[in-house]
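Letters A, B, ... are given to chains in the order of the sequence lines, protein chains preceding strands, and every chain is numbered from 1.
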Amino acid sequence: MRVYNTLTKQKEEFRPLREGEVRMYVCGPTVYDYTHLGHARTYVAFDVIRRYLEHKGYMVLMVMNFTDIDDKIIRRANETGEDPKELAEKFLRYFLEDMTALKIKPADIYPRVTEHIEEIIDFVRKLEDRGYAYEGSDGVYFEVQKFGDYGKLSGIKVEELRQGARVEPGEGKKNPEDFALWKKAKPGEPKWPSPWGEGRPGWHIECSTMSTKYLGEQFDIHGGGNDLIFPHHENEIAQTEACTGKQWVRYWLHTGFLMVNGEKMSKSLGNFITIREMLKRYNPEVIRLFILQRHYRTPLDYTEEGIEHAKNNLERLYNTLENIRVAMSKAELPFRWEKEEFEAYNAIRDARKKFYDAMDDDFNTAEALKAVFEVSNAVNRYLTRVEKPAESILRKALEFFKAVSEVFGIFEDYFREQKAGGEEALIQFLIDVRARLRKERNFALADRIRAELREMGIQLEDTPEGTIWKRIRV
RNA sequence: GCCGGGAUAGCCUAGAGGUGAGGCGGUGGACUGCAGAUCCGCUUUACGGGGGUUCGAAUCCCCCUCCCGGCUCCA
């Protein structure tokens with residue numbers, strides 16, 4: 001398995017530090033507003049990466065932090081007149097709800113900054129002891145030039161940084177590139193006691209502290225949106241490696257940005273799309289598929305057309321699954337394979353390999369998705385060509401789709417279906433009644449039954465072998 | 001300015017030296033009371049432009065055009 005490492009700017013063979021275990025940290029949100037489609041892009045991407053690693057047999061320990069105290073939260077709270085703590089709490093809950101709705105597997109630990117103030121203070125003190133940090137008038141700062149490797153992730157040079165730096169008035173920094181580890185509280189701001197007076201942690205220090213607390217001083221994967229490479233992740237590396245003296249993270253993974261109609265999504269442009277709005281209009285699996293149609297590192301452009309494509313794609317795949325389900329009821333144990341069976345088997349086998357090869361190559365979901373369609377096509381073609389399908393062929397296809405379901409987080413309902421026997425019998429009864437009506441050429445009433453069932457999410461389809469029914473899922 | 005990512009058929013997306021990439025859409029046909037699903041065709045010898053290397057280039061090299069992002073708010 002190969003992954004693209006932002007640190008080395010190339011694909012590398014993936015080898016976790018401990019055999020059989022992957023420890024990964026994904027930068028979570030600052031909870032000051034609704035979760036948007038850009039978050040969805042990043043967190044669905046990492047969800048699939050995590051799912052694939054688990055699918056491959058790794059035990060994955062996944063940590064995602066919440067920044068529940070910072071400047072943006074305070075600013076927003078001041079604007080709305082809310083208590084910063086309550087505001088953060090509210091949006092944190094919304095975020096978790098949105099993640100659940102998007103079928104994103106929960107992290108194993110969701111450390112919150114406000115629950116780790118002591119550890120953060122300890123971390124800052126260590127940096128102070130080692131001579132990397134100094135106290136200024138308004139806070140404690142990390143002295144960037146003391147860390148020789150600064151810039152190794154983002155490729156940024158300290159000199160360039162100085163040219164473009166905006167030093168806010170009154171800041172107690174020695175150098176413009178230095179960044180805050182601890183901010184002293186201004187009147188009315190949330191605060192915690194510390195050796196440097198009351199205040200709150202800087203932004204970057206939380207991730208260094210909490211990731212090393214739960215994953216150790218060295219771990220496998222650290223991820224986040226592309227926009228976090230600089231300054232956030234660069235600063236995290238500086239702090240952590242200055243503190244431990246060891247190489248910290250093995251593989252840095254970053255997701256590409258979400259665009260809206262070719263422009264960056266931002267509030268000022270008025271193209272800010274929340275996950276809540278999206279979920280009102282689209283099945284979460286449609287949103288997931290939309291995201292997976294593009295490789296995670298490439299920018300993803302959101303358009304109405306694009307999401308409609310995803311919807312059509314998902315419908316098609318669900319149709320295939322329903323076709324298999326219907327065919328299963330008339331499938332037989334094969335005593336003999338014909339040309340059709342060999343063709344279908346080979347097509348499934350080849351596509352399956354393609355799927356795993358694509359996912360092994362830096363989680364190329366777009367390429368892997370082709371393989372899913374190839375299996376879909378192969379099965380559909382097979383079903384149109386044979387009268388009595390071989391059960392083994394259908395099972396091979398189903399096993400493949402089950403794997404896809406686990407990795408992509410789609411087709412969930414299909415594979416979780418409970419046997420609601422009563423309902424199925426009732427549907428079958430209505431189909432029988434409708435068949436009689438059709439025989440009597442009472443199409444008006446026959447169509448009414450079909451229409452009513454459709455309203456209830458059951459699609460009837462007339463075939464030469466009789467009427468079948470499918471669940472409408474998209 | 002510096003750094004990075006792009007331009008692939010009507011549309012969306014992979015691929016990265018060698019036998020018609022996948023989907024969507026459109027369209028014709030098979031099947032159908034109609035609808036739906038599916039299948040079989042067609043749209044389909046696609047790779048921003050110009051040079052070069054090579055038996056062979058979307059793919060490698062050089063130049064150019066255009067788009068996007070980052071450069072202390074950001075997933």
Side-chain angles (χ1 to χ4, degrees), chain A residues 6 9 26-30 32-33 35-46 70-72 75 151 154-157 159-161 163-168 176-180 203-204 223-232 234-235 254-259 262-267 290 292-295 297-301 303 305-313 315-317 319-320 322-323 326 351 354 358 361 364-374 376-377 379-385 438 441 443 446-447 450-451 454 459-464 467-468 470 472:
Chain A
T6 310
K9 295 182 176 59
V26 176
C27 279
T30 301
Y32 72 107
D33 205 342
T35 327
H36 55 68
L37 211 51
H39 294 113
R41 204 277 160 103
T42 292
Y43 298 126
V44 167
F46 281 108
D70 101 319
D71 296 0
K72 287 193 293 295
R75 196 188 317 134
S154 62
I156 237 150
K157 295 184 182 75
E159 311 85 70
E160 288 165 8
L161 214 51
Q163 289 168 8
R166 306 191 304 238
V167 185
E168 288 167 35
E177 69 275 12
D178 295 347
F179 56 89
W203 176 33
H204 317 295
N226 213 0
D227 51 335
L228 295 182
I229 294 173
F230 188 86
H232 188 51
E234 195 67 71
N235 291 351
H254 292 96
T255 53
F257 240 73
L258 182 99
M259 317 285 290
E263 294 176 303
K264 183 178 170 174
M265 184 170 71
S266 76
K267 283 179 191 165
F290 171 69
L292 298 178
Q293 279 175 329
R294 196 81 152 110
H295 182 86
R297 278 191 285 118
T298 324
L300 170 65
D301 193 24
T303 59
E305 269 182 303
I307 197 95
E308 286 296 329
H309 278 182
K311 187 181 173 187
N312 291 340
N313 278 327
E315 273 173 3
R316 182 173 167 81
L317 293 176
N319 274 325
T320 302
E322 290 292 336
N323 291 344
V326 170
K354 191 169 167 180
D361 184 13
N364 192 340
T365 54
E367 178 70 9
L369 202 54
K370 287 187 187 179
V372 179
F373 279 102
E374 281 170 18
S376 169
N377 289 341
V379 176
N380 283 326
R381 183 181 306 121
Y382 175 65
L383 289 176
T384 58
R385 289 187 184 178
R438 290 175 72 213
R441 306 197 69 78
F443 294 121
D447 288 355
R450 184 171 60 188
R454 192 167 209 297
Q459 170 87 33
L460 298 193
E461 293 176 9
D462 299 323
T463 74
T467 301
I468 57 167
K470 298 174 174 178
I472 301 166

Query raised in the report: Expressed in whole Å, how much space separates the P atoms belonging to B:G15 and B:A7?
Result: 10 Å
Report task. Write out the stems for RNA chain B, ordered by first number and formatted as range with range, counting runs of at least 3 consecutive Watson-Crick or G-U wobble pairs under 3.5 Å. Result ->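 Detected stem regions: B:1-7 with B:65-71, B:10-13 with B:21-24, B:25-30 with B:38-43, B:48-52 with B:60-64.
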For [N] and [X] - does any side-chain N or O of the residue sit under 4.0 Å from the phosphate oxygens OP1/OP2?
| X | N | value |
| --- | --- | --- |
| A:Asn364 | B:G15 | yes |
| A:Arg385 | B:C39 | no |
| A:Arg438 | B:G33 | no |
| A:Arg294 | B:A14 | yes |
| A:His309 | B:C24 | no |
| A:Asn226 | B:G4 | no |
| A:Asn380 | B:C39 | yes |
| A:Thr298 | B:A14 | yes |

Query raised in the report: Taking only residues two or more places apart in sequence or in another chain, which ones pass side chain to side chain contact (heavy atoms under 4.5 Å, CB included) with A:Glu374?
Result: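 Testing A:Glu374 for side chain to side chain contact (heavy atoms under 4.5 Å, CB included), a comparison that skips the adjacent residues, returns A:Ala351, A:Lys354.
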Kindly say whether, by distance alone, the side chain of [X] makes a donor-acceptor pair under 3.5 Å with the base of [N]?
| X | N | value |
| --- | --- | --- |
| A:Arg450 | B:C34 | yes |
| A:Asp301 | B:G6 | no |
| A:Asp227 | B:C73 | no |

